[in-house]
Amino acid sequence: MNVGAVAPVSSNLVTVVVGAILGSGILGGLYVTLRKFSSGTYTVIASKELVDTARDIAGDLRKDLDQARREIAELREQVAVVDSLQRQVDRLEGELSRALQREQMLLRERDSLHQRVRDLEADVARLKDGK
Amino acid sequence: MPWTRAGRERLGTLPFEAAIGFLVIVSGIAGLFRFGVTDPLAKVLPTWENVTFNLVYLASGLGIVVGLSRARARSEGGALILLGAAVVVRAIVYFIAIGFDAKLIVSLVFDVGILWASIRRLRSLIRGEVIIIKATA
């Protein structure tokens, strides 16, 4: 038997779906009713002095929290500056290392060229003597 | 309990939720005894399921009112779950019974609102958030 006004829907399907949702709700409700909550009572009727004191303490805590947040923001800025300087240092160290390597390479090339010059001079001297 | 002074004060801290609780009780009773406007659920669901639905509705309303007035998070939390399930069921059955039109949209808006409020309140209970009322006397 179809029970839908617009889309024909089997009454058995509706019964099963509704039953499943209600059953889940009942089981869920029972579970929540039987479990232990962190605070058994959540509405407290307190004296004016207690409430005013709590309000003052909350106000002080809020100020401390704001101050702590500002200090954290400043420290974060300083950390960012230090990080930036560290990156520059790393970059410069890298450039220095490459420059030293290049210097070593050039010195080796110079020594090699000196050696070639000496060899060529020796060859020239031999050739002159041989003449 | 709601008829004690402390109970009434506690109900007054969450007046809208208390009102929902009372309305749900009335709706549950009306559904069980077929008062007032013809409920689409009675047309779509078999009798036993319609009775179960209304009993769940009634139990959720009672749980909310008793939980609020006695400051018992467990009663209220369980009732909110029941209410959520009942609201979902009602939305589904209304859609099947009357189709997608303006009446359904209006009903859905209320249902979504109640569902969201129930979830939010349940989260508040689980987290142990406390409402402190300043004593008048």
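Residue numbers start from 1 in every chain, and the chains themselves are labelled A, B, ... in the order their sequence lines are given, proteins ahead of strands.
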Checklist line | Toward chain A: residues of residues 49-57 of chain B with heavy atoms under 4.5 Å | finding: B:E49, B:T52, B:F53, B:V56
Item checked: Residue pair A:D111, A:Q115: steps toward the side-chain hydrogen bond (donor to acceptor under 3.5 Å, both in side chains) verdict -> CA-CA 6 Å; A:D111 291 343; A:Q115 186 59 42; over 6 Å; no
Margin query: For residues 18-31 of chain A, give me every residue with a non-hydrogen atom less than 4.5 Å from any non-hydrogen atom of chain B.
Written below: A:V18, A:G19, A:I21, A:L22, A:G25, A:I26, A:G28, A:G29
Checklist line | Verdict with supporting geometry, A:Q101 and A:R98, side-chain hydrogen bond (donor to acceptor under 3.5 Å, both in side chains) | finding: CA-CA 5 Å; A:Q101 282 174 3; A:R98 282 192 294 277; over 6 Å; no
Checklist line | SB check A:R126 A:D123 (cutoff 4.0 Å) | finding: yes
Next item on the list: Would you sort out whether A:R91 and A:E95 count as a salt bridge (Lys or Arg N to Asp or Glu O under 4.0 Å), showing the intermediate values?
Entry: CA-CA 6 Å; A:R91 185 175 56 80; A:E95 284 178 11; 3.2 Å; yes
Note to self: Quick check on A:R102: does its CZ atom have over 12 non-hydrogen neighbours (other residues, nucleotides or ligands) under 6.0 Å away?
What the structure shows: no
Item checked: ILVMFWY network linking B:I114 to B:L68, side-chain heavy atoms under 4.5 angstrom -> yes
Notebook entry, point to check: Has A:R118 got more than 12 heavy atoms of other residues, nucleotides or ligands less than 6.0 Å from its CZ?
Noted result: yes
Note to self: Same cluster or not: B:I25 versus B:F33, using hydrophobic residues (I, L, V, M, F, W, Y) connected whenever any side-chain heavy atoms lie under 4.5 Å apart?
What the structure shows: yes
Check: Salt bridge or not for A:D52 and A:R55, using N-O below 4.0 Å?
Finding: yes
